[in-house]
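Each chain gets a letter, A, B and so on, in the order its sequence line appears, and its residues count up from 1. As a basis for the values below, the full set of heavy atoms in this structure was taken, side chains included, without hydrogen atoms, waters or symmetry mates.
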There are 2 protein chains.
Amino acid sequence: MSRKTFQRLSLDARRKSLMEATLRCVARYGLSGATVRRITEEAGVTAGLVRHYFGSKDELIGNAYAYLAGQLTAEAGSRAKQSEGDPVDQLRQFLLANMTTPNLSEEKVSLWATFIGRVRYEAAFADIHREGYREFLALLEALIEPVLALHGLPHGASACRRHAIALNGLIDGLWMEGSLNSGLYGRALLPELILEAGERLLGLPAGSLQDQKKTQDS
Amino acid sequence: MSRKTFQRLSLDARRKSLMEATLRCVARYGLSGATVRRITEEAGVTAGLVRHYFGSKDELIGNAYAYLAGQLTAEAGSRAKQSEGDPVDQLRQFLLANMTTPNLSEEKVSLWATFIGRVRYEAAFADIHREGYREFLALLEALIEPVLALHGLPHGASACRRHAIALNGLIDGLWMEGSLNSGLYGRALLPELILEAGERLLGLPAGSLQDQKKTQDS
DNA sequence: CGAGAAATTATTCAAGTGTATAACAAGGTG
DNA sequence: CACCTTGTTATACACTTGAATAATTTCTCG
């Protein structure tokens with residue numbers, strides 16, 4: 001009747017491991033089905049650790065949600081920043097990042113939807129969502145502005161904001177439906193679709209986002 | 001120690017009442033928190049009735065999801081059909097229906113997201129979702145085609161389909177973000193935004209969807 | 001290498017879960 | 001108005017849940 005042998009992990013490593021196990025469980029079993037026992041089994045530890053590291057299950061789940069939201073914007077943002085200098089290519093990379101792996105993932109979409117469903121009624125989730133949404137929108141606005149300017153289009157604050165709201169809607173919608181409905185149309189369609197639609201939405205000359213070559217001004 | 005007095009309801013009425021109570025509970029408490037006891041208390045009956053009318057809790061929740069999905073497309077579809085004859089106005093009404101009450105509702109968005117989050121992992125939900133999505137997409141395609149034709153734009157099956165996918169993404173995204181983020185921008189913005197964005201997405205002449213007057217061809 | 005602090009496990013508990021079964025009462029039918 | 005079907009309530013049960021507590025093991029630091 002020996003006890004389970006175990007290994008002490010650093011605070012950050014254990015917390016991360018628990019949050020990731022939480023996300024896997026929430027995706028597979030839903031918020032309800034993600035019980036403390038399942039989560040900790042998935043992480044290879046016993047249930048007591050949740051209390052030790054997060055105080056309560058709710059706290060753990062809240063942290064896991066924030067962790068996911070951060071991952072999503074960080075991935076898209078970093079891909080945009082990678083192509084430095086060219087504003088058009090930055091916007092292109094940002095859009096593409098949301099229509100390809102790792103962000104385009106059925107598990108991530110499921111998680112995201114599950115949490116979004118609680119935003120309205122649970123204050124903790126609402127805060128996390130608002131923060132993430134504001135960040136995403138600001139990033140998108142900043143990417144749009146120089147592109148509009150480059151093409152001689154109106155690029156005042158209010159115009160940029162409107163475009164950002166619409167484009168964000170398009171991204172979210174395509175991202176979600178695209179991940180879930182891979183049966184109805186190949187998901188290879190999504191990258192070209194978002195570039196074409198983004199172009200039209202912003203009123204850019206046809207091909208300016210789609211064509212790989214450097215921006216060709218009119 | 002008298003028993004609770006009760007009233008016998010018709011099969012349809014009781015089923016509907018139970019499904020609506022289910023939706024209210026799922027919205028407020030999540031799929032996990034929507035327990036049989038809470039649902040039946042909300043409906044003003046006792047827990048045994050779930051077994052009697054639906055066999056099991058899962059069955060009840062599945063039916064409630066299908067009921068919700070039906071409501072959403074029916075509302076938008078019927079609003080489109082109301083303005084008979086003019087294809088442009090039909091499309092306009094369809095878009096507007098998704099950006100105004102009763103479809104634009106935080107509760108409905110929460111419900112929708114909650115269910116969507118389970119689609120990937122629960123076969124019953126997947127079937128309901130796929131069916132609803134296909135229906136919505138087909139409806140949108142049918143509305144788009146004559147509008148494109150009217151403006152002398154390419155309106156082959158594949159073009160219509162691409163447009164429908166993108167437009168559906170935009171609708172879903174705006175619908176969801178718009179309902180949840182009413183703090184960041186007034187939701188009065190959404191109707192005009194969807195008309196303007198829809199216009200651009202389809203390549204229609206500016207103002208053809210937004211202006212109330214009858215379609216002014218170029 | 002030994003002791004003390006802290007991480008981890010093991011056990012326990014009360015509250016709540018879905019569902020099965022039995023008792024009851026409402027309302028149509030004769 | 002009495003009967004009988006069945007919609008509805010009431011009760012019971014086995015099981016799971018999140019959390020609290022106590023017992024142990026691991027690792028660090030002197």
Salt bridge (charged side-chain N to carboxylate O under 4.0 Å, His left out) partners of residues 52-76 of chain B, not counting sequence neighbours, each pair once: B:Glu75-B:Arg79
B:His52 side chain near D:dT8 phosphate (N/O to OP1/OP2, under 4.0 Å): no
Spacing of A:Ile39 atom CD1 relative to D:dG18 atom P, expressed in whole Å: 8 Å
Distance test, side-chain N/O of B:Tyr53 to OP1/OP2 of D:dT8, below 4.0 Å: yes
Sidechain N-carboxylate O distance under 4.0 Å for B:Glu196, A:Arg162: yes
Proximity to DNA chain D (any heavy atom under 4.0 Å), residues of residues 17-33 of chain B only: none
Check ion pair A:Glu141-A:Arg161 (N to O, under 4.0 angstrom): yes
Touch class at under 4.0 angstrom, heavy-atom based, for A:Val50 against every strand present: nothing
Short side-chain N/O contact from A:Arg14 to OP1 or OP2 of C:dT8, under 4.0 Å: yes
Selected nucleotide, minimal atom distance to B:Val36 side chain, candidates D:dG18, C:dT19, D:dT8: C:dT19
The single option from A:Phe125, A:Tyr121, A:Tyr67 passing ring-ring contact (aromatic ring centres under 6.0 Å, His included) against A:Phe115: A:Phe125
Residue A:Val45, side-chain atoms from C-beta onward, closest of C:dT19, D:dT8, C:dT9: C:dT9
Under-4.0 Å salt bridge between B:Arg15 and B:Asp12: no
Which residues share a ring-ring contact (aromatic ring centres under 6.0 Å, His included) with B:Phe136, sequence neighbours left out: B:Phe94
Whole-Å gap separating P (D:dT17) and CZ (A:Arg38): 6 Å
Nearest-angstrom distance from the residue atom CG of B:Leu60 to P of C:dG18: 11 Å
Selection residues 23-49 of chain B - residue pairs positive for ring-ring contact (aromatic ring centres under 6.0 Å, His included), sequence neighbours left out: none
Flag for A:Glu199-A:Gln210: side-chain donor and acceptor within less than 3.5 Å: yes
Nucleotide of C:dA7, D:dG18, C:dT19 approaching A:Thr35 most closely (side-chain heavy atoms): D:dG18
Salt bridge (charged side-chain N to carboxylate O under 4.0 Å, His left out) partners for B:Glu122, two or more places apart: B:Arg118
All N/O pairs under 3.5 Å across the protein-nucleotides 10-14 of chain C interface:
unit_1, atom_1, unit_2, atom_2, d
C:dA10, OP1, A:Lys4, N, 2.8
C:dA10, O4', A:Arg3, NH2, 3.2

Length of the line joining A:Glu59:CD and D:dG18:C1', which is rounded to integer Å: 15 Å
Sugar-phosphate, base or nothing in reach of B:Phe54, heavy atoms under 4.0 Å: nothing
Value in whole Å for how far the C1' atom of D:dT16 lies from CD of A:Glu41: 14 Å
Minimum-distance nucleotide (side-chain atoms of A:Lys57 versus D:dA19, D:dT6, D:dT9): D:dA19
